[in-house]
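Each remark here refers to the structure printed beneath this line.
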Amino acid sequence: MKYWRVEMQYDQDKYRLLTHNSPQLLFWAVNPLLAFNELILGQRLPQKILVERHSGQALLARQFVPCPHCNALNPAKLWGKGNAFGHWFGYLCPKCNGEIPCLWNLTSLLLLTIIAPLWLWFKPWFKLRWQLSRLRRTKAMQAIPQPQPAVTPCIKTAQTIAVLMFLFMLFVQSREASLSLEQTVISLAVSCVLGVLYGLLTPINRFRKSKKRYW
């Protein structure tokens, strides 16, 4: 809780700060079903997340986990695919090895209180060893080169849409017995234009939706 009361310094024009009262993190804290993720899978969320405002990248690529000890901004992808589970004791900063405070689900806290006699006695021994294991994993994730955002998915989407529309137009024209070379060329041109427009507008629409969610 002390970490919540500390005023963190960050570029407010560049980042949006998510704390325990933001919809995403509040949902994590009050949803009883997510106790399974915390207690069984070891999936956690940090108490504070910074989201980059002006970026066309995917939401996860725009999220950063600040460290209260060394002020490092760690990419949230470090605790994403390949390292999302097993963090029962929270996150560790890969730069200074300090503990990054994480949220607790309210149902998880209730269950942990009830079964406290079963786990309190071995917690110190287990916590140290498990955190060292998770820290090595997080540093290994940090060493993996992060791929640059590519436009390939948009191009593939545009090509797929264009081909499907072209085939559909050919089918309709063939059913009407009005298929000609000129109409085939026109259908191909229209399909290519519409496919390109769809491929360009899709990432813009996704970015607008993510902005509405966190702004």
Side-chain angles (χ1 to χ4, degrees), residues 2-4 6 8-11 14-20 22 24-25 27-29 31 33-105 108-109 112 119-120 122-154 156 203 206-207 210 213-214:
K2 181 180 180 181
Y3 183 40
W4 281 347
V6 175
M8 188 177 65
Q9 300 298 322
Y10 66 98
D11 188 346
K14 185 176 181 180
Y15 298 104
R16 168 76 171 177
L17 177 63
L18 302 182
T19 58
H20 63 287
S22 63
Q24 180 195 23
L25 302 188
F27 176 79
W28 181 276
N31 188 345
L33 297 178
L34 292 176
F36 175 84
N37 295 58
E38 282 192 347
L39 299 181
I40 305 301
L41 303 179
Q43 187 178 16
R44 306 292 301 278
L45 282 183
Q47 290 182 3
K48 292 188 177 183
I49 300 175
L50 289 177
V51 181
E52 196 171 1
R53 293 179 182 270
H54 311 293
S55 174
Q57 299 185 59
L59 180 60
L60 183 60
R62 297 190 287 122
Q63 291 183 341
F64 297 88
V65 179
C67 174
H69 307 287
C70 66
N71 298 320
L73 294 183
N74 301 291
K77 290 185 291 187
L78 294 179
W79 295 276
K81 184 178 180 181
N83 191 34
F85 305 117
H87 302 284
W88 289 283
F89 301 104
Y91 291 173
L92 290 178
C93 176
K95 290 185 172 61
C96 69
N97 301 345
E99 291 190 21
I100 299 176
C102 289
L103 286 174
W104 272 111
N105 179 273
S108 296
L109 290 177
L112 287 174
W119 58 267
L120 273 179
F122 68 86
K123 176 187 173 182
W125 177 87
F126 183 70
K127 179 179 179 180
L128 177 61
R129 286 158 179 77
W130 194 258
Q131 282 187 326
L132 290 176
S133 172
R134 290 293 88 192
L135 182 61
R136 285 194 295 268
R137 179 59 183 167
T138 303
K139 289 185 176 181
M141 293 287 295
Q142 192 179 36
I144 299 175
Q146 299 295 330
Q148 295 297 322
V151 296
T152 305
C154 298
K156 289 182 177 180
R206 289 176 181 173
F207 177 60
S210 65
R213 184 176 179 182
Y214 291 102

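By convention here, the first residue in the shown sequence is residue 1.
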Give the C-alpha distance, both sets of side-chain angles, the deciding distance and a yes or no for side chain to side chain contact (heavy atoms under 4.5 Å, CB included) between W119 and L112. CA-CA 9 Å; W119 58 267; L112 287 174; 4.0 Å; yes

For the CD atom of E38 and the NE2 atom of H87, what is their distance to the nearest 0.5 Å? 12.5 Å

Establish, yes or no, whether the cationic atom of R44 lies under 6.0 Å from the six-membered ring centre of W104 and within 45° of the ring axis. yes

What heavy-atom pair brings R62 and R53 nearest, and what distance separates the two atoms? NH1-O, 4.1 Å

Is there a donor-acceptor pair under 3.5 Å between the side chain of R129 and the backbone N or O of W125? yes

Write down the atom of L73, the atom of P66, and the distance for their closest heavy-atom approach. CD2-CB, 3.9 Å

On a heavy-atom basis, the closest approach of C67 and C70 is SG-N, 3.6 Å

Walk me through whether Q47 and T19 qualify under side chain to side chain contact (heavy atoms under 4.5 Å, CB included). CA-CA 6 Å; Q47 290 182 3; T19 58; over 6 Å; no

In terms of relative ring orientation, are Y91 and W79 parallel, tilted or perpendicular, with 30° and 60° separating the classes? parallel

Under the side chain to side chain contact (heavy atoms under 4.5 Å, CB included) criterion, do E52 and R16 qualify, and how do the steps go? CA-CA 6 Å; E52 196 171 1; R16 168 76 171 177; over 6 Å; no

Any donor-acceptor pair under 3.5 Å linking the side-chain atoms of N71 with those of K95? no

For N105 and A35 the tightest heavy-atom approach is OD1-CB, 3.8 Å

From OG (S108) to CD1 (I40), nearest 0.5 Å: 9.5 Å

Min side-chain heavy-atom separation F36-L41 under 4.5 Å: yes

Would you give the length of the straight line joining atom CZ of R134 to atom CZ of F85, rounded to the nearest 0.5 angstrom? 11.0 Å

Between L18 and L25, which heavy-atom pair has the shortest distance, and what is it? O-CD1, 3.8 Å

Give a yes or no on whether F126 atom CZ has more than 12 heavy-atom contacts from other residues, nucleotides or ligands under 6.0 Å away. yes

Distance check, rounded to the nearest 0.5 Å: I49 atom CD1 versus Y15 atom OH? 14.0 Å

About how many Å separate CG of L45 and CH2 of W28, when rounded to the nearest 0.5 Å? 4.5 Å

Are P94 and L78 packed together at the side-chain level, in the sense that at least one heavy-atom pair is separated by less than 4.5 angstrom? yes

Smallest heavy-atom separation, C93 atom then N74 atom, equals SG-ND2, 3.7 Å

Test side chain to side chain contact (heavy atoms under 4.5 Å, CB included) applied to N97 and L135, step by step: CA-CA 7 Å; N97 301 345; L135 182 61; 3.4 Å; yes

Rounded to the nearest 0.5 Å, what separates atom CG in L50 from atom NZ in K14? 10.5 Å

Under 4.5 Å between any side-chain heavy atoms of L103 and H20, yes or no? yes

